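As structure tokens, the structure follows; a few thoughts come after it.
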Number of protein chains: 2
Amino acid sequence: MSEKEPTAPRSGERITIREVAQDAGVSVAAVSKVLRDAYGVSDALRAKVRASMAKLNYRPRASARGMRGRTYTIGLIFPDLRNPFFADIYAGVNSALERTQYQAMQGVNTTSGALNITSGALIEAMIDRQMDGLVVIGPNMETQALADLGARLPLVVLGQHNHAGDAFDTVNNDDQLGARLVVRHLVANGYSNIAMLSLSPQNSSIIQQREIGYRLEMMEQGCGDAINILRETQVLRDVQVSVRRLLSGADRPEAIFCWTDLMAFEAISVATEMGLSIPEDIAIVGYDNTMFCDLAQNSLTSVDQSGELLGLQAARLLVERIDGRTTAEHFMVPPRIVARASAGTRTEQE
Amino acid sequence: MSEKEPTAPRSGERITIREVAQDAGVSVAAVSKVLRDAYGVSDALRAKVRASMAKLNYRPRASARGMRGRTYTIGLIFPDLRNPFFADIYAGVNSALERTQYQAMQGVNTTSGALNITSGALIEAMIDRQMDGLVVIGPNMETQALADLGARLPLVVLGQHNHAGDAFDTVNNDDQLGARLVVRHLVANGYSNIAMLSLSPQNSSIIQQREIGYRLEMMEQGCGDAINILRETQVLRDVQVSVRRLLSGADRPEAIFCWTDLMAFEAISVATEMGLSIPEDIAIVGYDNTMFCDLAQNSLTSVDQSGELLGLQAARLLVERIDGRTTAEHFMVPPRIVARASAGTRTEQE
DNA sequence: TGTTCTACGTATATCGTTCTACAAAATTGA
DNA sequence: TCAATTTTGTAGAACGATATACGTAGAACA
């Protein structure tokens with residue numbers, strides 16, 4: 001009944017490494033080694049320890065591990081949760097981590113406004129919580145800020161084309177090519193006056209890349225005169241206003257290439273409300289190829305950037321970095337256009 | 001240059017509580033007290049310590065805190081990330097936590113299939129990581145499993161009407177009333193043959209509640225003969241098949257009350273593909289009132305359950321529990337129907 | 001045989017906080 | 001004025017892992 005004995009295996013609380021060691025008849029250090037797959041353990045010892053761990057249903061505590069080693073937790077930082085595209089990325093990350101000890105925890109970096117804060121509150125919170133590494137998705141941070149962050153812990157940036165030496169890895173779809181594919185597809189279907197509804201503020205390299213792709217392809221297709229980029233925030237009302245203005249102008253474009261599917265859905269909505277038919281009066285193209293594109297009421301032609309693959313690669317690269325890689329790697333997946341009715345073959349003009 | 005001195009404030013690494021104490025000229029324990037807003041600190045000391053913390057840009061490490069006390073981290077467990085409704089809940093949680101020391105980390109519990117696992121891998125992972133408490137959203141877990149979980153750590157369940165003593169708090173919208181509102185609204189607009197597209201497996205109390213509400217209100221409105229509940233999984237293809245079968249049957253209903261907006265969008269899609277017009281041939285109603293309902297191509301009548309408020313209350317209750325409350329509280333928000341074109345007044349029948 | 005390696009295990013300091021005791025100082029009460 | 005109480009601050013042992021340094025046994029080689 002004495003509770004003061006230092007080696008008493010207090011049964012009420014959670015199992016610790018000490019109790020596993022005792023049960024297996026080995027040292028605490030040996031159990032730790034097995035836990036970490038560290039060098040210097042015989043098969044016999046490993047089996048013994050594994051058996052005890054299973055028997056006692058032992059689970060190591062991340063806090064304690066984090067004190068000296070890793071927490072086996074990686075942070076995922078999303079810019080937003082409303083866009084179902086991010087669910088694909090998440091799925092990819094998880095499937096990459098499935099067979100590892102790592103676990104992903106996510107959050108949304110709610111940097112209100114377009115502040116150039118070094119890093120959001122969530123990033124700091126994740127560092128406080130000893131994340132072994134971070135995957136930051138579509139950040140609106142300066143490259144330098146990302147480089148500083150990469151100096152502090154393993155970092156993979158998803159949706160950012162700029163490199164900064166070996167500070168971090170990047171994972172992207174080829175945004176320039178994606179934009180080119182859209183223009184090519186539209187031109188092939190008979191459209192030439194194609195406007196681009198891009199994102200504001202235009203501080204991200206993916207935005208730049210996509211705009212460059214649009215510009216170059218428009219020129220190569222002989223539509224240079226029709227180049228027209230307008231930029232808008234993701235706020236629904238703003239998008240509506242912009243699209244309405246665009247569609248009611250004197251030289252209404254024949255097609256709009258939208259920054260995301262979400263914006264494209266808004267565009268479809270506004271066009272529908274204005275009594276325009278799609279694609280006869282106006283063609284719409286989105287980006288991300290989210291699940292909603294398939295719905296008959298949208299039938300949105302979109303660019304698939306394989307969110308799941310992006311997430312998978314990001315997680316893979318991050319684990320490599322945590323395991324010691326110090327040189328940067330950059331992964332790029334080719335986009336693919338998925339044609340639907342919203343940008344179908346252009347019919348006779350009235 | 002000697003690096004062995006135990007009290008040397010090693011400058012290269014992260015600031016610790018020790019260095020803050022040294023800078024402020026107080027004990028480590030004093031700094032800890034200030035950090036935790038604990039009892040027994042004078043205003044003068046608090047000010048001194050706060051100043052040093054700010055000056056040194058000190059941030060406590062969650063791992064170390066977790067070793068003895070709290071991590072000031074709470075876990076959010078979503079069933080899915082594709083439904084934008086969950087983004088509202090997340091926003092609510094965050095706004096409740098904004099002025100506290102707590103930080104939310106989220107994950108998706110990917111229990112593949114309808115297994116009755118005690119708790120998913122993510123829940124265990126969160127416990128391993130010493131979360132101070134958990135908000136579990138729309139769980140497909142037995143009430144008993146939730147009670148067991150609640151015995152292990154502070155727990156709030158969002159989207160579950162069953163109570164289990166004081167084991168956990170619940171936060172819900174009144175699903176029974178929500179279903180009643182839908183039926184009432186449809187009947188008032190001239191519909192009487194109203195089918196319900198519910199969720200499968202039907203193991204959750206919110207499903208039961210909503211089905212009960214539908215049944216009771218149908219009977220009270222004199223439409224008891226038309227009661228027709230079919231259940232389907234959330235998988236897109238399954239929903240499509242079900243809706244198609246429903247709409248091509250001999251006694252096609254006049255309206256479908258769908259489990260979520262997402263299912264309703266699918267229903268709209270299928271109906272559109274079949275050449276039916278909405279709401280003339282078939283009225284559709286959803287649940288959640290997500291942002292996509294507003295789009296002209298959907299114009300979906302839906303039930304608003306104030307996701308943000310639900311999240312806010314869940315976080316508030318959880319923090320109370322962490323702070324020591326041991327009796328259960330149950331919060332219920334009244335739903336509100338938002339009428340749009342998809343269930344507009346029924347016109348002449350052919 | 002003795003020497004040198006290697007492979008395997010162990011003892012124990014350590015990480016950065018919290019928290020329980022306890023001591024000192026300030027305040028109160030009579 | 002002194003005891004009793006309250007307030008304020010400190011010392012130091014936890015918490016549960018990891019990792020360094022070291023000991024030991026057997027194998028390999030001479």
Side-chain angles (χ1 to χ4, degrees), chain A residues 3-10 12-22 24-49 53 56 58-73 101 127-130 132 322, chain B residues 3-10 12-22 24-49 53 56 58-73 101 127-130 132 322:
Chain A
E3 299 219 337
K4 296 288 180 181
E5 285 184 13
T7 50
R10 306 180 319 156
E13 292 302 317
R14 195 172 169 150
I15 301 292
T16 74
I17 200 173
R18 221 170 302 274
E19 286 150 272
V20 174
Q22 191 165 0
V26 300
S27 73
V28 169
V31 179
S32 176
K33 278 191 182 178
V34 172
L35 222 51
R36 292 171 290 134
D37 282 322
Y39 175 81
V41 207
S42 65
D43 290 350
L45 185 137
R46 193 188 339 270
K48 244 192 328 189
V49 171
M53 294 198 307
L56 300 175
Y58 167 74
R59 297 186 61 100
R61 291 203 194 188
S63 309
R65 306 184 88 170
M67 290 290 290
R68 294 195 57 94
R70 305 177 183 173
T71 56
Y72 295 92
T73 312
Q101 288 199 65
I127 292 176
D128 295 343
R129 281 157 187 79
Q130 301 271 111
D132 292 337
I322 293 171
Chain B
E3 299 220 333
K4 296 286 179 181
E5 286 184 13
T7 51
R10 306 178 318 157
E13 293 302 318
R14 195 173 168 150
I15 300 292
T16 74
I17 202 174
R18 221 172 301 274
E19 287 150 89
V20 174
Q22 191 165 359
V26 299
S27 73
V28 168
V31 178
S32 176
K33 279 190 181 180
V34 172
L35 222 51
R36 293 158 14 226
D37 282 321
Y39 175 82
V41 206
S42 65
D43 291 349
L45 185 139
R46 194 188 338 271
K48 237 185 346 183
V49 171
M53 294 198 308
L56 299 175
Y58 167 73
R59 298 186 61 101
R61 289 204 195 187
S63 310
R65 306 184 87 172
M67 289 290 290
R68 294 197 57 93
R70 306 178 181 170
T71 56
Y72 295 91
T73 312
Q101 287 197 65
I127 292 175
D128 295 343
R129 282 156 185 81
Q130 301 272 111
D132 292 337
I322 293 171

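Every chain is numbered from 1, with letters handed out A, B, ... down the list of sequences. Values below: all heavy atoms of this structure, side chains included; hydrogens, waters and symmetry mates excluded. Owing to the predicted nature of the structure, the values given are computational and were not obtained by experimental measurement.
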Using whole Å, what does the distance between atom [atom2] of nucleotide [N] and atom [atom1] of [X] come to?
X	N	atom1	atom2	result
Arg61(A)	dC15(D)	CZ	P	10 Å
Glu19(A)	dC15(D)	CD	P	11 Å
Ile15(B)	dG16(C)	CD1	P	11 Å
Leu45(A)	dA25(D)	CG	C1'	15 Å
Arg65(A)	dC15(D)	CZ	C1'	16 Å
Gln22(A)	dG16(D)	CD	C1'	15 Å
Lys33(A)	dA19(D)	NZ	P	11 Å
Gln130(B)	dT18(C)	CD	C1'	13 Å

As a test of reading the structure: which of [options] is closest to the side chain of [X], going by heavy atoms?
X	options	result
Arg18(B)	dT17(C), dA17(D), dC19(C)	dT17(C)
Thr16(A)	dG9(C), dA17(D), dG16(C)	dA17(D)
Ile17(B)	dG9(D), dA19(D), dT17(C)	dT17(C)
Ser27(A)	dA11(C), dT17(C), dT18(D)	dA11(C)
Arg36(A)	dA11(C), dT18(C), dA19(D)	dA19(D)
Ser32(A)	dT18(D), dG12(D), dG9(D)	dT18(D)
Val28(B)	dA17(D), dG9(C), dT17(C)	dT17(C)

Side-chain ion pair, Asp128(A) and Arg14(B), N-O less than 4.0 Å |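 Salt bridge: yes.
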NA contact type, Val31(A), heavy-atom cut-off 4.0 Å: base, sugar-phosphate, or nothing?
->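 It contacts nothing in the nucleic acid.
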If you look at every strand shown and take non-hydrogen atoms under 4.0 Å, does Tyr58(B) touch a base, only sugar-phosphate, or nothing?
->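 Sugar-phosphate contact only - Tyr58(B) comes under 4.0 Å of backbone atoms but never of a base.
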Is the shortest heavy-atom distance from the side chain of Thr73(A) to the side chain of Arg129(B) under 4.5 Å?
->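 Yes - at least one pair of side-chain heavy atoms lies under 4.5 Å apart.
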Does some side-chain heavy atom of Met67(B) sit less than 4.5 Å from a side-chain heavy atom of Ser63(B)?
->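 They are not in contact (no side-chain heavy atoms under 4.5 Å apart), so the answer is no.
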Of Met67(B) and Asp43(B), the one whose closest DNA chain D nucleotide lies more 5' |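 Upstream on the strand: Asp43(B).
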Residue closer to the 5' end of DNA chain D, Tyr39(B) versus Arg68(A) (nearest nucleotide) |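 So the residue in question is Tyr39(B).
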Which pair of heavy atoms, one from Gln101(A) and one from Leu35(A), lies closest together, and at what distance?
->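 Result for this residue pair: NE2-O, 3.2 Å.
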Least distance between heavy atoms, Gln130(A) atom then Gly66(A) atom =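 Here Gln130(A) and Gly66(A) meet closest at NE2-O, 2.9 Å.
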